[in-house]
Structures are given as C-alpha cells and as structure tokens.
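Quick caveat, the model's predicted, so the values are computed rather than measured.
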Amino acid sequence: VQAGTQQNGVQQEEGDRPFSLRAVLFFLMLLSLGLGTQFSIMETITRIVVDALEGRASHRLVLSCSCSFMLVAGLAMATQGGMYVLQLMDSHAGTFSALLTGLVEVLAISWIYGVDRFLEDIRRMIGWSGRERFYRAHAVYWSVMWRLVTPALLLIILVASAVGYRPMTYGDSADPYTYPGWANALGWVVSGVSVLCIPVVMCVKLLQGGHSKEGRWVEGGGRKGRE
C-alpha cells in the first residue's frame with residue numbers, strides 16, 4: 001500500500017510539473033544543430049559532384065539523388081536491429097577516418113600549400129591590408145597552430161584511439177552484446193573508404209600529369225602554374 005501511494009505521488013508530481021522553457025529551447029537547439037550540420041554535409045557532397053560533372057547535371061538533380069540515397073541507406077537504422085547498425089556507423093564513421101582526414105588536411109595546408117600562402121589568401125578575402133597592429137601576432141599564432149600544435153594533437157588523439165581500440169559492444173555493461181568479427185571488419189571498411197579517396201585521387205592526378213615542372217600543383221594536368 002505504501003509503495004502504491006508513493007508511486008501515485010510520483011505520477012501526480014510529474015503530471016503537475018510546470019512547463020519548462022529551458023527544455024524546449026534545448027531540443028530546438030539540438031534540432032537546429034542537426035539540420036545545420038546536415039545542410040553543410042549535403043551541400044559539400046552535391047557541390048563537388050556538380051563541379052566535377054561540369055554542368056552535365058543540375059544541382060537540383062544531384063541533391064535529389066543524394067538525399068534519396070541517404071534516405072534508403074538510413075532505413076536500415078529504423079528497423080528492429082537498427083540500433084546495432086547505428087552503433088557500427090557511429091563507432092567508425094566519425095572517429096579514425098575523421099581524425100586521419102583532418103590530419104592530412106592540416107598537413108597539406110601547412111606544409112605543402114604553405115601557411116604563408118594560406119594566410120595571404122585569408123587576408124585578401126577579408127580585405128585586410130596586412131599593416132594592422134594585430135596582423136603580425138595573428139599570422140604568427142595561426143602559423144604555429146597549423147604547423148605544429150594541431151598536427152601534434154591530432155596525431156596524439158589518433159594514436160591513443162588506436163591503442164585503446166576494443167571490439168565493439170552494445171547493451172548492458174554487465175552482459176553486453178559483442179559484435180562478431182565480420183561486423184568489426186565492416187566498420188573498418190567504413191572508416192577506410194573515405195580516407196582511401198585521398199591517396200587514390202592523388203595518384204590519379206599524378207598519373208594525369210597534374211604536377212608542373214615548376215613544382216607546383218596545377219588543375220587538370222595543365223602546364224600553367226596557379227598564381
């Protein structure tokens with residue numbers, strides 16, 4: 001009787017709980033964050049494809065095909081075992097591949113393209129003259145961060161993640177479900193597909209003659225260097 005009275009009291013207290021504006025704002029923030037991230041991802045994909053096709057397909061067509069493909073691929077996560085698929089994607093798609101891709105990007109910008117050239121591009125886009133009082137400190141700060149600090153931190157996180165890697169599990173910590181070996185292998189394939197594009201595209205560009213005699217990268221295998 002006492003337990004039933006306490007349960008009824010808890011239910012009544014939850015039912016009388018006042019409206020929480022903070023909870024509504026929190027979930028609206030999550031919704032806008034998810035939509036903003038999805039917009040940026042889809043626009044990146046579609047713009048790359050549209051530019052590569054050089055006008056042979058419209059932006060609307062490419063965007064429709066991309067969204068349809070994502071919808072069909074995401075249906076697997078709405079099934080009864082969809083949480084296992086979601087865990088598989090979440091554990092691999094945004095960890096090792098994201099860290100390795102970010103490391104390659106920052107190394108390419110800072111050591112191959114050059115931090116000074118990149119900072120000069122930013123200066124021109126912003127409209128600075130380069131004679132501002134804080135510009136020198138700004139350039140030194142980002143030069144050190146992009147050349148040394150950021151690659152070192154990404155490398156440390158990548159190595160620590162690789163050393164601490166364990167086969168995937170899901171469920172109660174006392175008796176979790178351990179993913180089979182083929183599922184872990186599939187996760188590594190998911191991680192490697194996006195990273196594999198970097199050396200593949202590099203080799204294709206080199207075979208097409210995308211490196212000029214002056215030692216600078218040029219677009220489409222041409223001989224004229226980028227100014």
Side-chain angles (χ1 to χ4, degrees), residues 22 25-26 28-52 89-165 188 190-206 210-222 224-227:
R22 183 174 62 180
L25 293 177
F26 175 74
L28 286 177
M29 179 197 69
L30 292 179
L31 178 62
S32 61
L33 179 63
L35 290 176
T37 304
Q38 192 63 33
F39 288 155
S40 62
I41 293 174
M42 294 306 300
E43 280 300 316
T44 301
I45 296 174
T46 54
R47 181 50 56 188
I48 292 174
V49 175
V50 171
D51 291 344
M89 298 295 295
D90 184 62
S91 299
H92 288 87
T95 52
F96 295 100
S97 59
L99 289 172
L100 189 55
T101 303
L103 180 61
V104 172
E105 286 179 352
V106 72
L107 290 176
I109 291 294
S110 58
W111 292 101
I112 298 178
Y113 183 76
V115 172
D116 296 334
R117 295 177 63 186
F118 190 61
L119 288 172
E120 179 65 15
D121 294 339
I122 295 176
R123 184 193 65 78
R124 292 181 179 180
M125 287 187 288
I126 295 178
W128 288 345
S129 64
R131 294 188 295 270
E132 290 79 4
R133 290 180 298 176
F134 61 87
Y135 182 79
R136 181 61 181 172
H138 152 83
V140 172
Y141 172 79
W142 286 115
S143 178
V144 173
M145 292 296 294
W146 287 334
R147 284 178 175 171
L148 302 175
V149 178
T150 303
L153 291 177
L154 288 175
L155 184 60
I156 291 173
I157 296 173
L158 183 62
V159 173
S161 301
V163 172
Y165 174 79
W188 283 108
V190 172
S191 297
V193 166
S194 58
V195 179
L196 188 63
C197 295
I198 299 174
V200 168
V201 173
M202 182 187 69
C203 293
V204 170
K205 290 294 184 180
L206 288 176
H211 194 273
S212 66
K213 292 181 179 180
E214 292 79 8
R216 293 179 294 177
W217 291 95
V218 292
E219 184 65 26
K224 184 177 180 181
R226 179 182 173 183
E227 298 299 335

List in chain and number order the residues that pass ring pair (Phe, Tyr, Trp, His ring centres under 6.0 Å) with Trp188, two or more places apart in sequence or in another chain; answer none if no residue qualifies. His92, Phe96, Tyr165
Evaluate side-chain contact (heavy atoms from CB on, under 4.5 Å) for Leu25 paired with Arg22, printing each intermediate quantity in order. CA-CA 5 Å; Leu25 293 177; Arg22 183 174 62 180; 5.8 Å; no
Using the test side-chain hydrogen bond (donor to acceptor under 3.5 Å, both in side chains), find all partners of Ser129 that sit at least two apart in sequence or belong to another chain.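 Glu132.
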Test side-chain hydrogen bond (donor to acceptor under 3.5 Å, both in side chains) applied to Arg123 - qualifying residues, sequence neighbours left out: Glu120
Flag side-chain contact, heavy atom, 4.5 Å: Trp128 against Phe134: yes
For residues 28-43, tabulate all N or O donor-acceptor pairs below 3.5 Å that involve a side-chain atom, not counting sequence neighbours.
from	atom 1	to	atom 2	distance (Å)
Ser32	OG	Leu28	O	3.1
Ser32	OG	Met29	O	2.9
Thr37	OG1	Leu33	O	2.8
Ser40	OG	Gly36	O	3.4
Ser40	OG	Thr37	O	2.7
Glu43	OE1	His59	NE2	3.3

My understanding is that only residues two or more places apart in sequence, or in another chain, count here; which of them pass salt bridge (charged side-chain N to carboxylate O under 4.0 Å, His left out) with Asp116?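 Arg147.
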Option passing side chain to side chain contact (heavy atoms under 4.5 Å, CB included) with Ser161 (candidates Ile157, Leu158, Val159): Ile157
Validation: residues 97-110 side-chain donor-acceptor distances under 3.5 Å, sequence neighbours left out:
from	atom 1	to	atom 2	distance (Å)
Ser97	OG	Ala93	O	2.8
Thr101	OG1	Ser97	O	2.6
Ser110	OG	Val106	O	2.6
Ser110	OG	Trp146	O	3.3

How far apart are the C-alpha atoms of Arg117 and Asp121, what are their side-chain angles, what is the distance that settles it, and do they pass the salt bridge (Lys or Arg N to Asp or Glu O under 4.0 Å) test? CA-CA 6 Å; Arg117 295 177 63 186; Asp121 294 339; over 6 Å; no
Using the benzene-type ring in the case of Trp, are the ring centres of Tyr135 and His138 under 6.0 Å apart? yes
